[in-house]
Protein chains: 2
Amino acid sequence: MVDVNSKDAASRSLETIQRQSSGDPAKPPRWDIIELLFFAYRDFVGDPDDVLDQFGFGRAHHRVVHFVHRYPGLKVADLLDVLRITKQSLGRVLKQLLDEGYIVQKSGEADRRQRLLFATAKGEALVAQLAGLQTDRINRALKDFTPVEIEAIGRFLSAMIDRNDPDKVLQVILGQASAKTDGRTNKT
Amino acid sequence: MVDVNSKDAASRSLETIQRQSSGDPAKPPRWDIIELLFFAYRDFVGDPDDVLDQFGFGRAHHRVVHFVHRYPGLKVADLLDVLRITKQSLGRVLKQLLDEGYIVQKSGEADRRQRLLFATAKGEALVAQLAGLQTDRINRALKDFTPVEIEAIGRFLSAMIDRNDPDKVLQVILGQASAKTDGRTNKT
DNA sequence: AATTTACGTCAACCATATTGACATATCTTG
DNA sequence: CAAGATATGTCAATATGGTTGACGTAAATT
């Protein structure tokens, strides 16, 4: 440890020593947005944690049951694209949700290799409860915003998402977002 | 497995079967924002992963070295507040960053029990590289936004953050955000 | 002098992710 | 129809990043 007791560093308050920028002045880092996104997401995903604990679940279960509920008939492969995790990792969480009756599988009609996923009433109830907490936070945050501002916020979040290989779910979401914002449909 | 081959479920496309809402109609879940935040954050934090891999680091290292760089002289306790993790968990990644020379410690001048953290040039370079990637994404997303819209986006993200027990770092960030939005300077 | 605080550390454990290999059922294609 | 590709499941081993609880030391506070 460097025990120099540096006066200048140690004695300044957090406010005064905070860095303003530190790179190419032509492309200043967006420290504000970077950090606001970190904190906003930290608190946003933190809301459901207590509830999930009571069910013996973690955030992974939340993500899975959420997307299955929202996009009934989702294939396992779709879910892997959305969550960007491996089959292994999904497997355990999915098995738990199946075993405990939050999700059911049906084999595909056209392609019977596929396992289409559906949330049960139990699963829907869980998702609704968790979405309620997050919706409360969002509504609180948006309380004093105009519709135009809210539209801009959605457009920003949408623009932050990779467009290179949009999976099925993403196509739906981005399609909706742009449909809302400019009236264009995006069904390609 | 429920192998019913349900026609109605399996044959509908993802677009047509997507749920519109499923709860109290008086408080409809904000599915759009919930999911946009998920995808936006997924891709936002995904950018640095490849670089971090090359350094043998993970996202935990990124968060630590980021905040230490941005708020030089941060105490260990402050970092715990910001990251919302335990001392144990922080300990491991912090030790690695110290051992490999990305961060140094200095004991506090006023209170010599404190270990004030500072990023080295090596640490700053890493943070700058990672912030560059994220800034590129943000700038791309904000390309066609007006200053007024950008201000609203920042205000929204800020409003999504818990106000109950704002730690030191958060006070700085939120102070800045409000200073920007209403013209007050915040140099204290 | 006693207590509290800031930090570090040990041990055990858990959740969630990884890679790689392999099995099965089913669809597609030559 | 045979061969190959695809969708899914599973086994084993491993890594990362998180947890709790206990304990120790140095330094500040009372």
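Hydrogens, waters and symmetry mates are skipped; everything else that's a heavy atom, side chains included, is used. A, B, ... follow the sequence lines: proteins, then strands. Residue 1 opens every chain.
When the nucleotides C/dC7, C/dT5, C/dT18 are ranked by their closest atom to the side chain of B/Arg113, C/dT5 comes out on top. Relative to the side chain of B/Lys95, the nucleotides C/dC7, D/dT8, C/dT9 differ in distance, and C/dT9 lies closest. Of all nucleotides listed (C/dA21, D/dG18, C/dG8), C/dA21 comes nearest to the side chain of A/Gln88. For A/Lys75, counting side-chain heavy atoms from C-beta on, the closest listed nucleotide (D/dT8, C/dA11, C/dA6) is D/dT8. For A/Ala60, whose side chain is taken as the heavy atoms from C-beta onward, the closest listed nucleotide among C/dA17, C/dG8, D/dA28 is C/dA17. Nearest to the side chain of A/Gln114, among C/dA17, D/dA7, C/dC7, sits D/dA7. If you check D/dT19, C/dT18, D/dA28 against the side chain of B/Thr86, the one that comes closest is D/dT19.
The aromatic rings of B/Phe67 and B/Tyr71 lie parallel to each other, with less than 30° between the two planes, well short of the 60° mark. Taking the six-membered ring where the residue is Trp, B/Tyr41 and B/Phe44 present tilted rings, their angle falling between 30° and 60°.
Note on A/Arg92: a base of the nucleic acid sits closer than 4.0 angstrom, heavy atoms only. Residue contacts for A/Gly91: at a heavy-atom cut-off of 4.0 Å it reaches no nucleic acid atom on any strand shown.
One interatomic measurement links the two molecules: CG of B/Leu98 to C1' of C/dG8, which rounds to 12 Å at whole-angstrom precision. In this structure, NE2 of A/His61 is placed 13 Å from C1' of C/dA17, rounded to the nearest angstrom. One atom, CG of B/Leu90, and another, P of C/dA6, lie 15 Å apart when rounded to the nearest Å. We find that NZ of A/Lys168 is positioned 10 Å from P of D/dA7, with the value rounded to whole Å. Across the protein-nucleic acid pair, B/His62 atom NE2 and D/dG17 atom P stand 13 Å apart, rounded to whole Å. Nucleotide C/dA15 holds its P atom 14 Å from the CG atom of A/Asp49, rounded to whole Å. The CZ atom of B/Arg115 sits 13 Å away from the C1' atom of C/dT5 (whole-angstrom rounding). A/Asp99 has its CG atom 12 Å from the P atom of D/dG9, to the nearest Å.
For the pair B/Gln105 and C/dG8, the criterion of a side-chain N or O lying under 4.0 Å from OP1 or OP2 is met. Within the structure, every side-chain polar atom (N or O) of B/Arg112 is placed at least 4.0 Å from both OP1 and OP2 of C/dT5.
Between the CZ atom in B/Arg155 and the CE atom in B/Met160 there is a gap of 14.5 Å [rounded to 0.5 Å]. Put simply, CD on A/Glu151 and CD on A/Glu149 are 10.5 Å apart, with the number rounded to the nearest 0.5 Å.
Between the side chain of A/Lys87 and the base of D/dG9, a donor-acceptor pair under 3.5 Å is found.
Across the interface with DNA chain C, nearest-nucleotide mapping of A/Asp111 and A/Gly58 shows A/Gly58 to be the residue nearer the 5′ end.
In this structure, B/Ser107 contributes its side chain and B/Arg112 its backbone to no donor-acceptor pair below 3.5 Å.
Of the N and O atoms on the side chains of B/Ser158 and B/Arg163, at least one donor lies less than 3.5 Å from an acceptor on the other residue.
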